[in-house]
Every structure is written in structure tokens, then in C-alpha cells.
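Within every chain, numbering begins at 1; the chains are lettered A, B, ... in the order of the sequence lines, protein sequences first and strands thereafter. It should be emphasised that the depicted structure is a prediction, and the values quoted were computed from it without experimental measurement.
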Protein chains: 4
Amino acid sequence: MIKAGIIGSTGYAGSELVRLLQGHKEAEITWYGSRSYIDKKYSEVYQNMFQIVDDVCMDDNMEALAEQVDVIFTATPQGFCASMLNEKMLEKVKIVDLSADFRIKDVATYEEWYKIEHKSPQFIEEAVYGLCEINREKVKKARLVANPGCYTTCSILTVYPLVKEGIIDPNTIIIDAKSGTSGAGRGAKVDNLFCEVNENMKAYGVATHRHTPEIEEQLGYAAGEEIKINFTPHLVPMNRGILATAYAGLKKDVSYEDVKAAYDKYYAGEKFVRVLDKDIYPQTKWVEGSNYVDINFKIDARTNRIIMMGALDNLVKGAAGQAVQNMNLLFGFEEWEGLDLVPMFP
Amino acid sequence: MIKAGIIGSTGYAGSELVRLLQGHKEAEITWYGSRSYIDKKYSEVYQNMFQIVDDVCMDDNMEALAEQVDVIFTATPQGFCASMLNEKMLEKVKIVDLSADFRIKDVATYEEWYKIEHKSPQFIEEAVYGLCEINREKVKKARLVANPGCYTTCSILTVYPLVKEGIIDPNTIIIDAKSGTSGAGRGAKVDNLFCEVNENMKAYGVATHRHTPEIEEQLGYAAGEEIKINFTPHLVPMNRGILATAYAGLKKDVSYEDVKAAYDKYYAGEKFVRVLDKDIYPQTKWVEGSNYVDINFKIDARTNRIIMMGALDNLVKGAAGQAVQNMNLLFGFEEWEGLDLVPMFP
Amino acid sequence: MIKAGIIGSTGYAGSELVRLLQGHKEAEITWYGSRSYIDKKYSEVYQNMFQIVDDVCMDDNMEALAEQVDVIFTATPQGFCASMLNEKMLEKVKIVDLSADFRIKDVATYEEWYKIEHKSPQFIEEAVYGLCEINREKVKKARLVANPGCYTTCSILTVYPLVKEGIIDPNTIIIDAKSGTSGAGRGAKVDNLFCEVNENMKAYGVATHRHTPEIEEQLGYAAGEEIKINFTPHLVPMNRGILATAYAGLKKDVSYEDVKAAYDKYYAGEKFVRVLDKDIYPQTKWVEGSNYVDINFKIDARTNRIIMMGALDNLVKGAAGQAVQNMNLLFGFEEWEGLDLVPMFP
Amino acid sequence: MIKAGIIGSTGYAGSELVRLLQGHKEAEITWYGSRSYIDKKYSEVYQNMFQIVDDVCMDDNMEALAEQVDVIFTATPQGFCASMLNEKMLEKVKIVDLSADFRIKDVATYEEWYKIEHKSPQFIEEAVYGLCEINREKVKKARLVANPGCYTTCSILTVYPLVKEGIIDPNTIIIDAKSGTSGAGRGAKVDNLFCEVNENMKAYGVATHRHTPEIEEQLGYAAGEEIKINFTPHLVPMNRGILATAYAGLKKDVSYEDVKAAYDKYYAGEKFVRVLDKDIYPQTKWVEGSNYVDINFKIDARTNRIIMMGALDNLVKGAAGQAVQNMNLLFGFEEWEGLDLVPMFP
């Protein structure tokens with residue numbers, strides 16, 4: 001049984017980590033960090049945990065925490081993890097950072113898109129981008145895992161095989177993504193009030209969203225070249241779920257079977273990636289509460305483009321679930337331990 | 001490992017049974033019965049089960065099923081179970097009936113409220129009303145369990161201790177209940193279309209809802225006399241969850257502590273009933289996806305009444321979860337096996 | 001054409017006043033007051049008003065405003081109107097106060113329930129409680145109208161005729177009310193975030209909600225005696241709409257026709273109160289966006305109680321619509337001017 | 001005062017026509033046609049119309065109706081209008097067809113995408129495509145108006161100026177559209193049940209949706225050549241609203257001001273098209289209940305593409321509102337008569 005500490009356990013992603021780790025047989029949470037609720041009972045912040053979690057919220061002291069646990073999850077705002085991290089800490093404890101601090105290899109790109117200075121660029125090189133299905137072997141040996149973003153996990157897994165196999169032209173990729181509102185966090189903002197979001201839909205961060213360079217970098221590795229894409233996120237009146245609809249020009253004359261084979265090549269053995277049957281398109285509700293990503297595609301011969309679709313639960317595979325999956329890889333547990341969750345419908 | 005069959009596995013309650021039993025260590029489903037989808041893959045009816053359930057839907061042949069399994073769940077319309085049941089079947093297999101057929105001891109009352117003839121009244125006497133927290137010992141010895149209704153489970157558990165302890169006058173009980181729309185089932189009706197339910201709220205079945213006599217009978221046992229109550233259900237634009245707000249006149253001059261002690265007397269040892277801290281009122285989202293019932297109360301000295309509130313997930317503790325809990329009692333498993341579900345928030 | 005000023009025009013009730021007055025032929029808004037958005041274009045605060053309202057937000061200076069307009073609407077927090085009001089102001093301008101400051105005649109009751117000191121109790125006596133259907137003639141002659149609360153308008157209109165006619169025992173009244181989330185205002189609070197409200201339902205302010213004494217006072221006038229009732233509000237995941245389900249013991253042996261006649265006696269000539277056909281129960285969606293209140297009832301002979309139901313749009317008849325209706329009465333306009341709104345469905 | 005008849009008045013688009021025409025000063029409805037509810041009171045089918053519409057539903061006899069009214073709206077399934085229409089009818093009455101029967105000039109294209117035979121191709125040529133902002137003058141002289149689809153109105157208006165001005169390459173256009181569920185109609189289908197749509201999102205009709213050729217034809221006229229585009233509709237858990245996010249490659253090096261000028265060239269004088277201020281993106285809620293289309297765009301210099309966004313209410317500007325606007329043009333009324341609706345927020 002390993003010990004886990006969560007910095008930022010009272011945000012939505014942090015609270016989902018708490019939910020998932022209750023069912024994990026090899027890990028227990030011993031530190032519920034929170035900036036806003038220190039000394040308050042965790043179950044008073046999240047009443048669903050009443051009589052399940054009896055602990056009291058601790059502060060966000062990562063230094064102290066590193067002495068006491070085997071793994072730290074940082075579910076914190078951008079910049080926090082980078083500002084706290086040091087070599088001594090990394091020698092004592094594995095770190096899974098749910099923020100963007102160590103996702104992007106080029107520090108200038110990070111600073112340009114995030115508008116903050118990176119406080120520990122010396123660790124960027126060794127950090128492993130924790131998209132388990134793609135970087136599994138590297139994660140196993142890592143000390144520091146950069147847990148991917150929610151939109152990025154969905155977007156990359158949806159198009160990765162077709163970039164890798166040279167079926168689509170990566171510079172024609174356009175990703176139109178739609179997210180439930182839990183992705184916006186638990187901060188009290190007018191824009192996220194029920195009455196502002198309900199019965200409403202909008203695009204935001206158009207041509208400027210920070211997940212763009214993350215997708216470009218990872219798909220660029222698959223393509224073997226630098227690429228530029230369009231990525232547009234939208235806010236949808238639902239709690240959970242991301243649906244990514246991706247478009248790209250075909251480089252080859254391919255059949256349904258060809259493309260299906262490309263997906264199967266990478267995902268046939270993957271428990272958490274489900275390539276659906278022909279003409280069945282992903283729905284976010286079909287993966288809600290689980291660590292699955294559902295994927296499918298449609299070739300449009302009229303325009304010589306392909307439409308690819310992927311759906312996941314932004315708090316599970318898009319955040320806390322993938323973080324647990326990374327922890328499992330780091331410690332040699334079964335990869336699906338604590339993640340054997342059946343999607344809840346309706 | 002016992003074998004379970006589900007008649008009506010493609011309704012919402014049936015599909016929730018399927019979800020819960022995936023995580024049960026002592027039972028496996030070997031028969032996915034369905035009237036509408038015979039020979040279709042179950043995962044094509046509920047795509048969330050893709051790559052999880054590979055079985056094909058069978059018919060609703062309860063006779064044949066009884067030969068093959070240890071327990072049958074009937075998640076079927078009223079009248080079905082009563083019309084199929086016979087002594088031979090009961091000698092071979094345990095039955096948990098999620099319909100109302102065996103919940104009400106007085107067959108005339110059943111026929112009056114349900115407007116159908118009861119086809120096997122000879123089994124009503126032996127059927128055990130499967131409200132586990134109250135009838136646990138009887139369930140353990142039963143052959144036939146009448147799984148309680150969703151509204152009734154919530155309503156009865158919310159007021160039971162105060163009736164039993166003589167704190168409230170049972171004939172003054174008024175229960176105003178609110179339910180998510182999954183309680184209306186998966187049938188294609190205009191009234192349950194998204195655009196009719198969303199951004200809308202209504203009462204229905206006012207003074208005529210069939211759960212009324214079921215609540216009256218069970219609370220009557222607690223009161224030691226026949227009682228009459230008011231029960232009004234409402235439809236709420238959410239998928240899951242029932243909130244019951246119950247009002248009653250106080251028979252005694254009681255303090256908060258007195259009432260709390262009454263609740264604790266019955267529920268302190270109950271895993272699935274959570275009496276919340278003072279002035280924290282139940283919210284349906286705090287129990288979503290789990291088998292919990294959250295309960296609390298407020299004394300109104302001005303009117304000498306007490307307001308009692310209870311919340312549960314209508315598909316779990318209100319249907320499939322309680323059915324599994326009953327199965328666990330029937331077969332001597334740990335009562336919470338397969339039900340150790342942490343509520344999902346948000 | 002009269003001139004209207006709104007203090008608090010950037011809250012939800014204030015913005016609904018703006019919407020309604022766009023269609024009013026006899027009044028125009030010349031002052032869009034706002035504490036938070038001074039000097040900002042109104043249409044930047046409410047983008048639905050883009051190219052419709054070109055004005056800039058003014059401050060909340062009620063003194064200055066009184067010099068410039070014929071009527072002031074105060075859609076402000078409790079205490080504001082009472083703290084600003086003076087005799088000179090009332091000599092110049094009619095005031096429709098949407099807060100609770102002048103609704104309750106007994107200042108001690110006000111101060112007890114609202115936990116604030118009343119700053120101008122000298123005006124309480126002359127203020128007219130602006131429930132138009134009941135106090136129409138008094139409103140016409142008023143200088144200061146206390147616009148009723150949303151829950152109270154719905155609750156009072158739903159039970160008023162039966163109290164007035166002595167059909168029900170007023171001290172047995174229990175009102176279980178459900179409201180959309182716009183009633184909670186546009187303030188940035190965690191409790192009102194989309195993810196906290198959506199897929200959730202709860203009671204709040206149990207036995208302590210401030211609309212209780214307001215309902216008691218008004219129904220007390222109808223009963224001819226002081227009364228005590230139970231009132232429990234609930235939060236529902238929808239933007240607009242209040243549904244009040246009221247219960248009371250019958251004092252007489254009455255038929256459907258008797259009760260219907262009582263309702264018709266008071267409402268047959270009322271444009272905005274619709275007593276529905278037998279066994280058709282109110283739904284909030286049927287009045288959305290309009291000034292209607294839909295009402296119906298069901299006698300429960302089993303318990304000798306009656307269940308009364310009422311539905312309205314909390315921002316229209318429950319706030320801004322009734323305020324405009326009051327303005328129309330104050331200035332001798334057609335009572336439905338600007339309020340001839342057809343409910344929007346779906 | 002002209003007389004209007006509606007065939008299909010009990011669908012969602014038909015009922016919205018009923019709502020809008022209540023407020024029209026020059027037209028009154030004298031025929032509420034319905035296939036499913038003949039002889040039933042209209043207000044029993046749509047209770048929001050209680051005490052507003054007293055009429056009884058008539059049948060769908062278009063021949064008889066043509067004798068009695070000045071204009072017929074056909075809010076009917078594809079094929080109905082084409083199968084009923086004849087020359088005599090057109091000599092007596094103006095027709096606004098809300099179905100797709102006369103939208104597409106090439107009958108083969110119609111039959112291929114709609115999978116039905118066109119029963120009166122002889123009228124296709126004279127039918128005017130009723131996108132008022134673009135074909136205003138032609139509509140004024142028409143006998144038969146093909147009212148555009150909801151997705152198509154939104155899509156075309158969003159990209160039209162940039163195609164017309166040669167700023168974008170029309171064959172690179174990709175339209176990712178999201179619609180509320182009222183677009184799916186009031187038919188009782190499992191897929192449109194509340195619990196299936198709520199908390200869910202999906203693409204449908206991928207590469208095969210029937211609005212594709214309609215968009216291609218109209219934008220082709222603007223481009224001066226035949227074009228092929230990608231169009232993907234999505235279902236969103238809200239009642240009303242369409243958001244179209246369109247992507248296209250830039251043919252020229254343009255600035256924000258250049259593009260804004262192109263939009264202004266076509267829309268500056270248009271009451272119902274609002275090009276928003278820089279960096280303010282359309283939200284469906286800002287146009288709900290109104291006839292507005294909100295539009296904006298963002299140039300992405302990194303990819304040399306432009307992202308265009310448009311939002312409308314699918315039942316108003318996307319169906320009934322535009323139908324009324326067409327009627328106004330046909331009869332020489334003010335174009336905004338009956339359509340001066342302020343969007344409702346929240």
C-alpha cells in the first residue's frame with residue numbers, strides 16, 4: 001500500500017482523484033491538500049464524501065508532503081508545481097502534475113501561451129508526457145509525469161494513428177471540441193453560474209487556447225515534423241464530458257477498412273480506448289464516470305476529408321483517471337487498478 | 001459465483017442492474033432478458049457497455065430462465081412477474097421482483113391502485129418486502145423478495161424512525177417528492193422528450209400515485225395502526241435522484257437531540273443510510289451513482305411540525321442497488337458487495 | 001411617455017425589467033443604474049441587448065434619479081431602498097421597490113427575519129403591497145409600492161381564494177415550493193455554479209426562509225386572523241420558474257365544483273391568472289417568459305386535504321412583470337401594457 | 001388583416017409560428033392544421049396557449065385551406081408540400097414551405113439526399129429560397145417561398161460575405177454545427193428522451209446530413225461556382241439554439257478591419273443580423289426567443305485560416321421567425337412586424 005498526497009484536492013479534478021482512489025487497492029490518500037479549506041473536514045467541502053472520507057484538509061505544503069508520501073498529485077493552477085519543485089523532492093517522491101507546467105518541452109512556447117515565467121525549466125527535459133497509451137514505457141521509468149490536459153488527451157488519441165500512419169495531412173487538422181462545465185473548475189465566476197451556462201453554448205479561447213501547442217507538439221512527434229492545427233473549444237451545458245470532432249485532409253486513397261486497421265494497430269490491445277463499430281459515433285454519456293475514450297471516424301469521399309470523433313470524461317481520462325493510470329505505471333501496479341469503472345448511463 | 005438472470009434488462013432499472021453486477025465478485029449475469037431487443041447485442045442497446053458486456057439479449061422466458069440461474073431479477077411492468085410465477089419456479093430459484101406485484105399485502109388495494117387483476121395472490125403472503133434496513137432478517141430467509149419502489153424507499157426511510165418512536169402523528173404526514181426523469185423509464189413518450197422535461201417542473205399523479213398505499217402500509221406497520229398520508233410526486237429536469245420532503249405534526253415536545261437520537265437508534269449501524277450533520281440538508285447529487293440515502297430534519301417550533309428530508313439515487317438505492325443488496329442478503333454475501341460505490345460529484 | 005429609472009438594472013430581475021420595458025408603449029428607461037458596472041455599456045453586461053439598448057450604466061444614486069424620472073424601480077438588496085428613501089423623493093416620483101423593505105407591516109418581524117435594521121419605518125404604513133390581483137385599487141393611489149417576492153406571489157395567489165372563502169384551515173397550510181436558479185441572482189457563488197446546481201436538487205432555508213412571514217401576513221388578512229404556515233423552498237436545475245405545491249386541511253365538505261367556483265370568484269376576470277381545466281396541473285414551462293400564473297387543485301377525500309398548485313415565471317410575474325403591472329396601475333395605463341407576452345414553449 | 005393557415009401547427013416549428021403570429025398586427029391564424037390532433041383544442045396540445053388560442057385543430061387539407069386564407073405555412077415532413085401543391089392553389093394563396101421540398105434547385109440532388117421522389121418538380125424553378133437578407137427582392141414577388149433550414153440559415157449567413165467577397169476559399173469550408181434538441185421535433189423517439197439527451201453530446205448525420213447540399217448550393221451562388229463543403233451537426237442538451245463554428249482557408253492577406261468591412265457591407269443595414277464587437281463570440285442564449293443571428297470571426301494567422309461563428313434560435317430565425325419575415329415581405333408589411341422580440345436571458 002503506497003501513500004498518496006494531493007495538492008489541490010478540493011478542486012473538481014482533485015476531488016475526482018479522491019473518488020477514484022477510494023477504490024484503489026494499492027494506494028491510500030494521506031494528505032488532502034487545499035489552499036482554501038485548510039483545517040476543514042474534507043467531507044464538508046464535498047458532502048458526497050460524508051462518512052467515506054474522515055480527513056481534514058491540510059495546506060498545500062509540497063515540501064513537507066514529500067517527506068510523507070510515495071506519490072504527489074498536483075491538481076493546481078499553472079505555475080504552482082514548477083515553482084515548488086526541486087531535485088531533493090524528486091529523489092524522494094514520484095510526482096504526477098495535473099497542471100500544464102511540464103507538458104511542453106519548449107519553455108518559450110510555454111511562457112508565450114501561458115503568460116507566466118517557468119520557474120524550474122531544468123526539469124522539463126526529464127518530465128514524461130503521461131499519455132499512457134503512447135508513452136507507457138517512458139512513464140514506467142519516470143520521476144515526474146506531466147499529466148496531459150483534458151482536451152489534449154481527447155484530441156490526440158482521436159487523431160494519433162492517422163497522423164502516425166501518414167493517412168492524413170497533419171497541417172490540415174481542425175479540431176472542434178466541446179466540453180462540459182466541470183472543465184472550468186470550481187472557482188466562483190459569473191460566467192460559470194448555472195443561469196449563464198444552462199441553455200447556452202459558446203466557443204471561447206478561439207485561436208488562442210493553451211491546449212493548442214500541447215496538441216501540436218505531441219502530434220508533431222507522430223508526424224515527424226512541426227505542425228500547426230486549429231483548435232476551438234466550446235462550453236456545453238453538461239457537467240462532464242468532452243467530444244472532439246476533428247477534420248483532416250486525406251493524403252491517400254483509403255477505405256473504411258484501411259482506416260480501421262490503422263486505429264486497431266494502435267488501440268486493439270488498449271483497454272481504455274474503444275474504437276466503436278462502423279457508423280456508431282461517440283457520445284459523451286457512454287463514457288461518463290469511466291476512464292474510456294470512445295473513438296470513431298467517417299470518410300467523406302466528396303471532400304476527400306475524414307471526420308474523426310472522440311469522447312471522454314474530462315475529469316476521469318481527461319484528468320484524475322489518467323493520473324491514476326500514470327501512478328499505476330510508475331509503481332508497477334496493474335494499469336487498470338482503481339479504474340475498472342463502468343460508465344454510468346443515464 | 002452465482003448466476004443471475006434479468007428479465008427486462010434493457011429498461012433503465014435493468015441496465016443499472018447490469019452496471020452494478022459488473023463489479024460484483026460473487027454473481028455474474030448469464031441471461032440478459034428483453035422483450036424489445038431479442039437477439040440484439042446488449043452493448044448495441046446500451047453503448048456504454050461496449051467491450052464490457054458481449055452478450056446478446058435473450059427473450060423474457062422466465063420459465064426457461066429458472067432452470068439456469070440462481071436468482072432472477074424481474075425489472076418488468078406491473079403484472080408480469082405475478083403472471084409468470086409458480087411454485088416450481090420458487091423451489092428452484094430466488095426471485096427479486098422490482099415491480100410492485102408483491103409489495104402490497106392486501107390484494108384488493110393492489111388491484112384498486114394498479115387497475116389490474118393480480119394473477120398469483122397465493123404468493124403475496126410469503127413475499128418479503130425488501131427494504132433491507134427494516135426487514136433484513138426476513139429477507140435472508142425469503143424465496144421471493146418484493147423490491148420496494150423508488151419513491152417509497154426514500155419516503156419510508158426518511159420518516160420511519162419518527163413514526164416508530166411515536167414522535168410524529170402518522171396521519172399528518174405529507175410527502176412532497178421530486179424525481180429525476182429516469183424514473184419514467186425508457187419508453188418513447190412525448191411527455192418524456194427532452195424538450196418537454198427540460199427547463200420544466202410539474203406535479204403528477206396528485207392524490208392518485210401508486211406508491212401511496214405502499215408507503216401507508218409500511219409506515220402503518222411502524223405506527224401499529226392503519227394510516228393515511230398525502231404523497232405528491234414531481235418530475236424534475238435531471239436524470240437521476242429523488243428528494244423527498246416530508247412534513248408531520250409533532251406528538252411530543254422534542255429537541256434536536258431527541259430526534260437525532262431517534263434516527264441514530266435505527267441508522268447508526270447502517271452503512272447505506274447517512275444522517276447528515278445538523279442543518280446540512282440532503283442534495284440528490286451527493287448520492288448520485290451510489291446506494292446511499294442521505295437524511296436530515298428540521299424542527300419548526302412555530303408550527304409544531306417537523307420537516308424531514310431524504311435523498312437517494314432512484315436507479316440505485318431506489319431500484320437496482322437495493323435489488324443487489326437484497327440478493328446479497330438472500331445468498332449470505334457481504335451486504336455491500338458490489339455496492340461500495342462512491343457518489344459521483346459533480 | 002413616462003420616464004423610468006432602474007436601480008440595480010444589472011441583476012437578473014433588473015435585466016428582466018429592461019427586457020419588458022423595451023416593449024412598453026408608454027414608458028422608456030432613461031437610467032440604467034448599477035453598482036458594479038458604472039460607465040460600462042449595458043449591452044456589454046447583457047449581450048442579448050446588443051443593438052437594442054445603447055445606454056451606459058449609471059450609478060445607483062437614487063436621489064439624483066428622482067429628479068429625472070417619473071418612476072423608479074429598485075431591484076436592489078434588502079435595506080437599500082429603505083436607507084435611501086425620504087419624503088421629498090416620494091413627492092417627486094413613484095417608487096416600485098422589488099426588495100422586501102416595505103412588504104411587511106410589522107417592523108419587528110422584518111428585522112427579525114431579515115437580520116437588518118429598517119432605516120425608514122415611517123413609510124411602511126403607506127406602502128402598498130403590490131399584489132395587483134388583490135390590492136389593485138390601493139396600488140392605483142399609491143406613491144410607494146412594495147413589489148411582492150417571487151415565492152410569495154406564487155404561494156399567495158395559489159391559496160388565497162380558499163383561505164378567503166373559509167374552505168381551508170389556514171393554520172394547516174404547508175407550501176412546498178420549487179424554484180429555478182435565476183431566483184438566486186447573478187452573484188458569483190460556488191453554490192450557484194452550473195456544476196453544483198445541474199443534475200441536483202435540494203431544500204434550503206428550511207423553516208427559516210424570509211418569504212414565510214410575508215405569506216403569513218397576506219394570507220392572514222384573507223383569513224381575518226394571524227396564521228402560521230410551513231414554507232420550504234427548493235432549488236431546481238432550470239433557469240426560470242416557480243412551482244408551489246400547497247397542502248391544507250379542508251374545513252368543509254366540498255366538491256370539485258365548489259372549489260372551482262371559489263377560484264373563479266376571484267380570478268375569472270383576471271387576465272394573468274389562469275385556473276386550468278380539471279386534472280391539468282401547472283407546469284412552469286407553460287408560463288415561461290410570460291406574466292401568467294397557472295393554478296389548479298385536487299381534493300384528496302382520503303385525507304380530507306386539498307392539494308393546490310401554482311406556477312409562474314419568477315422573473316416575470318414573480319418580479320419584473322409584476323413591477324411593470326404595478327407601474328401600469330400607478331399611471332393609469334392598460335394593466336397588461338408591455339405584458340402581453342405569450343409563454344415560450346419549448 | 002390577412003388570414004393565415006398552418007399545416008402542421010402542432011409540431012415545434014408550427015407551434016412557434018402560432019406563438020409569433022399572436023403578436024402580429026397584420027395577420028391572424030384561422031386554420032390550425034394537425035395530422036395527429038384533429039378536433040382537439042389547440043391549447044390542450046400546447047397548454048402554454050391556454051386562454052390565448054381557443055381554436056380547435058383542423059385536418060391537414062391543404063386544398064380546402066387554400067380557399068380560405070391568404071397565406072399557408074407548411075410545417076410538415078419532407079414531401080408533403082410537394083405532393084399537395086398545384087397551380088390552382090398557387091393562384092389563390094401564397095405559400096411558405098418550411099420543409100425542404102423547394103429549397104434545392106436540382107431535383108436529382110434533392111432525391112438523392114432525401115431518398116424520396118419529388119412530386120411537383122415543375123414548381124422548383126419558380127420557388128424562391130427565402131433567406132430574406134440575401135433574396136429579399138425575389139421573395140417580395142414570389143408565390144412560393146422555400147423557407148431555409150435551421151442549420152442552413154445559420155451556416156450561410158455566417159460565411160456568406162466572405163465567400164461573396166472572395167476572402168475565403170469556399171472549397172475549404174468546414175462547418176461544425178451544434179443544435180438544441182427542439183430541432184429534432186416532437187416525435188416520440190427513444191433517442192430524444194430527456195435521459196438520452198441530457199448530460200450528453202454527439203455528432204450525427206456525419207458527412208450525410210441533408211442540409212449539406214442546401215448550404216453548398218447557396219454558397220455556390222455566392223462563389224460563382226459549384227462548391228463542396230463539410231458539414232457536421234451535433235445534438236446539444238438544450239431546448240433551443242444553433243451555434244455554427246465555420247473554418248476556412250484565407251485566399252488573401254486580410255486584417256480584422258478588412259473582414260469586418262466585408263461583413264458590414266452585407267449586414268450593416270440588416271436588423272436581424274448582429275455582427276458582434278471584436279473578440280465577443282456569439283452565444284445561443286443571447287438570441288433565444290428572438291429573430292436575431294449573432295455573428296463574429298477570428299483570424300488565425302498561424303494557420304492562415306479564419307474561424308467564423310454564428311448563433312440563432314433554431315425555432316425563430318431558423319424556422320418560424322424567418323417564415324413570418326418571408327410573409328411580411330410577400331405582403332408588403334414591415335419586415336420586422338411580429339418579430340420585434342427581445343432575446344430572453346437567462
Side-chain angles (χ1 to χ4, degrees), chain A residues 12 15-16 18-23 41 43-53 180-186 198-199 237-240 267-268 270-277 280-290 292 294 296 311 313-316 340-346, chain B residues 12 15-16 18-23 41 43-53 180-186 198-199 237-240 267-268 270-277 280-290 292 294 296 311 313-316 340-346:
Chain A
Y12 286 145
S15 77
E16 188 71 354
V18 173
R19 179 175 82 95
L20 297 179
L21 290 176
Q22 300 310 310
K41 281 196 72 173
S43 65
E44 290 175 10
V45 184
Y46 284 96
Q47 284 278 350
N48 56 322
M49 292 300 172
F50 186 67
Q51 295 182 358
I52 298 173
V53 173
T181 306
S182 59
R186 212 189 194 191
N198 187 41
E199 291 296 291
M238 55 187 195
N239 288 343
R240 290 168 179 248
Y267 298 146
E270 291 295 341
K271 178 180 172 62
F272 294 125
V273 181
R274 306 190 296 191
V275 182
L276 302 180
D277 287 340
I280 305 294
Y281 303 126
Q283 302 193 15
T284 59
K285 191 73 181 151
W286 293 343
V287 294
E288 189 175 330
S290 82
Y292 291 106
D294 280 4
N296 216 342
D313 183 322
N314 57 301
L315 292 180
V316 190
D340 217 354
L341 303 154
V342 180
M344 198 166 84
F345 186 98
Chain B
Y12 287 145
S15 76
E16 188 72 355
V18 173
R19 179 175 82 96
L20 297 178
L21 290 177
Q22 300 311 309
K41 282 196 71 174
S43 64
E44 290 175 10
V45 184
Y46 284 96
Q47 285 278 352
N48 56 322
M49 293 299 172
F50 186 67
Q51 294 183 357
I52 299 173
V53 174
T181 306
S182 59
R186 212 189 195 192
N198 187 41
E199 290 295 291
M238 55 188 194
N239 287 343
R240 291 168 177 245
Y267 298 146
E270 291 295 341
K271 178 179 173 62
F272 294 125
V273 182
R274 306 192 294 190
V275 181
L276 302 180
D277 288 339
I280 305 294
Y281 303 126
Q283 302 193 13
T284 58
K285 191 73 182 151
W286 293 343
V287 294
E288 190 175 329
S290 82
Y292 291 107
D294 279 4
N296 216 342
D313 183 322
N314 57 302
L315 291 180
V316 190
D340 217 354
L341 304 153
V342 180
M344 197 167 83
F345 186 98

Whatever's closer than 4.5 Å to a heavy atom in chain B on A:Q22 counts as side chain
Rounding to 0.5 Å, atoms CZ (B:F345) and CH2 (B:W286) come to a distance of 8.0 Å
| Do the side chains of A:Y46 and A:R186 get nearer than 4.5 Å, heavy atoms only? | yes
Whatever's closer than 4.5 Å to a heavy atom in chain B on A:V275 counts as backbone
Separation between CZ (A:F50) and OG (A:S43), nearest 0.5 Å, reads 6.5 Å
Cut-off 4.5 Å, heavy atoms of chain B, and the answer for A:Y12 is side chain
Most heavy-atom pairs under 4.5 Å with chain B, out of A:L276, A:V287, A:L315, belong to A:L276
Cut-off 4.5 Å, heavy atoms of chain B, and the answer for A:E199 is side chain
The interface call for A:R19 against chain B, heavy-atom contacts under 4.5 Å, is both
So CG of B:N239 and CE of A:M344: to nearest 0.5 Å the spacing works out to 8.0 Å
Separation between CD (B:Q51) and CD (A:E270), nearest 0.5 Å, reads 11.0 Å
When the 4.5 angstrom heavy-atom criterion is applied to B:R240 and chain A, the contacting part is side chain
Honestly, the part of A:D340 sitting under 4.5 Å from a heavy atom of chain B is neither
Here the gap from A:N314 atom CG to A:M238 atom CE, rounded to the nearest 0.5 Å, amounts to 8.0 Å
Whatever's closer than 4.5 Å to a heavy atom in chain B on A:L20 counts as neither
So CD of A:Q283 and CD of A:E288: to nearest 0.5 Å the spacing works out to 12.0 Å
Residue from B:N48, B:V18, B:L341 scoring the most non-hydrogen pairs under 4.5 Å with chain A is B:N48
